[in-house]
Colleague: 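Pasting a structure here, questions to come.
A, B, ... follow the sequence lines: proteins, then strands. Residue 1 opens every chain. As a basis for the values below, the full set of heavy atoms in this structure was taken, side chains included, without hydrogen atoms, waters or symmetry mates.
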Protein chains: 2
Amino acid sequence: MAREDQRQSIAEIVADRAKVSRAAVSRAFNPKAPLRADKRELVLRIAEEMNYVPNMAGRALATQRSHLVGVIVPHVCSPWESLEIDALTTALQDRGFATLLFKTRIDRSLDPKLLSYMRAYNPDSVVVFTENVPPDQLHRAFDQAVPVYVDYPNEATDPGPLPESGMHRFDCLRVLQRDGIEQAVALLSGFGRRRFAYLAGNPKAQANTARLRTLQQVLAARGLPPAAVVEGDFSYQRGHDAIIELFRGGPGAEAVFAANDVSAFGALDALRHALGLRVPEEVSVVGFDDIDQAAWRSYDLTTIKIDVEERVAALVRLILQRLQNRAAPPLVETIRTKLVVRSTVA
Amino acid sequence: MAREDQRQSIAEIVADRAKVSRAAVSRAFNPKAPLRADKRELVLRIAEEMNYVPNMAGRALATQRSHLVGVIVPHVCSPWESLEIDALTTALQDRGFATLLFKTRIDRSLDPKLLSYMRAYNPDSVVVFTENVPPDQLHRAFDQAVPVYVDYPNEATDPGPLPESGMHRFDCLRVLQRDGIEQAVALLSGFGRRRFAYLAGNPKAQANTARLRTLQQVLAARGLPPAAVVEGDFSYQRGHDAIIELFRGGPGAEAVFAANDVSAFGALDALRHALGLRVPEEVSVVGFDDIDQAAWRSYDLTTIKIDVEERVAALVRLILQRLQNRAAPPLVETIRTKLVVRSTVA
DNA sequence: TTGTATGCGTTATCAC
DNA sequence: GTGATAACGCATACAA
């Protein structure tokens, strides 16, 4: 009857059908925007029928909030990281944020090109699993988004999350390794183990250096000799080969700490199948992380657990609090490790 | 000197410093837009200095291309899926697309709410790893984005990718199971195995039903008795327990096909540690996927491999070709499986 | 409450 | 090749 308009957007059609303005449609989707309840209901119903949802790009432009959280990882397919991505995605999704996934190249270093590539999407926040990128660099790259930094403090010297100490200029998640390591060393020590080895992870990864540092501190505190260190890279294969080198080339060890569970599996298989040693009778093995595979019967690995859910919950708190108040002082969350005892220690 | 403008955007500042128009800055970042080479270079240099990159939200609005690819998975942390997400993210990133990750709830079914949630981000394409969602529903949900459907055809009846057959109304990746299964059955048959069992995955997953169907067809073609089927869900634990039920409650089997590698590991551990049977001497085990863990020494699993790189390359071809030509007839890519022989078969 | 008008950052169209 | 200008889809300040 009336003349057709040039070309209507879906949102406008929804508005027309509900006999409201385009603005009302927008408000209907924003729970705290003022709109009469029945109108909101009507608009939402019609929108549903027409399969209309507000476009995030438009919304991002108007509100300066992309509802995107950038996540940068070296390997999605590493078990621990996939576990964390899984939990993080779920938690963010529940809160209306989508996960934007990026992968670093070969090594764990962060290509500046990747950063600006990511910047283009204007994520509201950024989580970087690559541990060797200085937080300053991150903050320089993301003037808008607020990166969350994972910190592995030296627990022997770092006083902890005291804002006065001036050490924490950025939001960070502090991962404390000591508890689990102390428990593991106590257990091994109780079984009479004295000669320790540390199967390292990627030397650039802070998780690796923090674990080694803490282990040596804990051993020293007990008057035990320092652990022999063998180079590794967090991988199964390297863990496997490194342990063979360690035991073929020298006196071996009575207890092996691996920098993560996956390399602990490599160590276990090397000890049992390549070297013909019995675990735990002849050699004890302890891992880090407690990924699903650690409970598999063929490994049944005693390991120092980081609770993924706890860790992700802390990350999400950091992200959301910062988003709520851009100007707040640096936030700190702290998580701890604990020993999970299975059958690779005796 | 001259009066300051109200408030300049970063892009405008870049334009000013390069003494060009705002439009020229935009063109500088679009390689095929017309712009004198030296101007382009100058703009890019200044932009680099000022840490400016074009905003994707704005670009998406103007071009109707978000450069986002939505990926929906049930579990990020399942080894096979994390492998695929990893490869897909890398491939897409290289081509200027970012991966937008979403997770389905508990079961593998697709919440319609998740679909519209995702629609809001206007992904250019959508890859759904959840296999029990009918492609029609997907196409209805994404009028703009073009979902890629993973198809597991019945290889005994489906003539293949003939457009004339009218069966393929949507772009799809056809995964053919037969080759690897035929090879595995030939090998097992050559070792004298006759009593087969199939440790199922999630009954709703097409990967599961296709593997079972094909296995039975291959066995029948050789005149072998059909495989006994035990219920499973792709998990280690269920694989472990199901095998115990199978062997405690009846005659067991001479060869076990597991619907995926992870449940094959559960089966292996159950056979060896809970049932005290020798693998491969007393029971042979074959998995599906060939994830990294299949090569680990404690399992060393003979498995039917799907090449991730090949699969992802095919997916990316589908996505990019469709984006290049929205109106093209349905695209089909086909990949096959092949047997990887390790030590769980004899 | 509601509608109108404007701006968010970008690209495309159109003149030059 | 280049610069002005009008969209793109949304949220909001402001006026009603």
Colleague: Would you please classify the geometry between the Phe29(B) ring and the Tyr52(B) ring as parallel, tilted or perpendicular, with 30° and 60° separating the classes?
Modeller: perpendicular
Colleague: Quick check on dT1(C): is either OP1 or OP2 less than 4.0 Å from any side-chain nitrogen or oxygen of Arg36(A)?
Modeller: no
Colleague: Between Asn30(B) (CG) and dG9(C) (C1'), how many Å, whole number?
Modeller: 15 Å
Colleague: Could you tell me how far apart Arg65(B) (CZ) and dA12(C) (P) are, to the nearest whole angstrom?
Modeller: 11 Å
Colleague: May I ask you to decide whether Glu49(A) forms a salt bridge with Arg45(A), counting only side-chain N to carboxylate O separations under 4.0 Å?
Modeller: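 Yes, charged N to carboxylate O under 4.0 Å.
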Colleague: Please determine if a side-chain N or O atom of Ser26(B) lies less than 4.0 Å away from the OP1 or OP2 oxygen of dT10(C).
Modeller: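 No.
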Colleague: Run the salt-bridge test on Glu84(B) and Arg311(B) with the 4.0 Å N-O cut-off and return the result as yes or no.
Modeller: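 Counted as a salt bridge, because a side-chain N and a carboxylate O are separated by less than 4.0 Å.
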Colleague: Nearest whole angstrom, please: distance from the C1' of dT2(C) to the CZ of Arg40(A).
Modeller: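 Interatomic distance, CZ of Arg40(A) to C1' of dT2(C): 13 Å.
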Colleague: Please state how far atom CG in Asn122(A) lies from atom P in dG9(C), giving the value in whole angstrom units.
Modeller: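 Result: 9 Å.
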Colleague: Any side-chain heavy atom of Val148(B) within less than 4.5 Å of one from Leu315(B)?
Modeller: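 Heavy-atom side-chain distance check passes, below 4.5 Å.
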Colleague: Regarding Thr63(B), tell me which of base, sugar-phosphate or nothing describes its non-hydrogen contacts under 4.0 Å with the strands shown.
Modeller: sugar-phosphate
Colleague: dG9(C) C1' sits how many Å from Gln64(B) CD, rounded?
Modeller: 14 Å
Colleague: From CZ of Arg27(B) over to C1' of dA12(C), roughly how many Å is that when rounded to an integer?
Modeller: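 For the pair Arg27(B) CZ and dA12(C) C1', the rounded distance is 9 Å.
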Colleague: Would you say CD of Glu41(A) has more than 12 non-hydrogen atoms from neighbouring residues, nucleotides or ligands within 6.0 angstrom?
Modeller: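 No - once you tally the heavy atoms of other residues, nucleotides and ligands closer than 6.0 Å, there are 12 at most.
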Colleague: Would you indicate what Val25(B) reaches in the nucleic acid, counting non-hydrogen atoms under 4.0 angstrom: base, sugar-phosphate, or nothing?
Modeller: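 Result for Val25(B) = nothing.
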Colleague: Could you check which of dT13(C), dT2(C), dG9(C) has an atom nearest any side-chain atom of Ala62(B)?
Modeller: dG9(C)
Colleague: Please classify the nucleic acid contact of Ala57(B) as base, sugar-phosphate, or nothing, using heavy-atom distances under 4.0 Å.
Modeller: nothing
Colleague: Starting from the C-alpha separation in whole Å, work towards a yes-or-no answer on side-chain contact (heavy atoms from CB on, under 4.5 Å) for Val73(B) and Thr104(B).
Modeller: CA-CA 6 Å; Val73(B) 286; Thr104(B) 57; over 6 Å; no
Colleague: Please say whether more than 12 non-hydrogen atoms of neighbouring residues, nucleotides or ligands are located less than 6.0 Å from CZ in Arg17(A).
Modeller: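 No, because the 6.0 Å sphere around CZ of Arg17(A) holds 12 heavy atoms or fewer from other groups.
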Colleague: Considering every strand and a 4.0 Å limit on heavy-atom distances, what is the contact class for Pro54(B): base, sugar-phosphate, or nothing?
Modeller: sugar-phosphate
Colleague: Measure from NE2 on His67(B) to C1' on dT11(C) and round the result to the nearest Å.
Modeller: 12 Å
Colleague: Calculate the interatomic distance between Leu35(A) atom CG and dG3(C) atom P; express it in whole Å.
Modeller: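 Between P of dG3(C) and CG of Leu35(A): 8 Å.
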Colleague: Which nucleotide span of DNA chain D, 5' end to 3' end, has atoms closer than 4.0 Å to non-hydrogen atoms of chain B?
Modeller: dG1(D) to dG9(D)
Colleague: Which nucleotide in the list dG9(C), dG3(C), dT11(C) gets nearest to the side chain of Leu61(B)?
Modeller: dG9(C)
Colleague: Please work out if Tyr52(A) contacts a base, only the sugar-phosphate, or nothing of the nucleic acid, heavy-atom cut-off 4.0 Å.
Modeller: sugar-phosphate
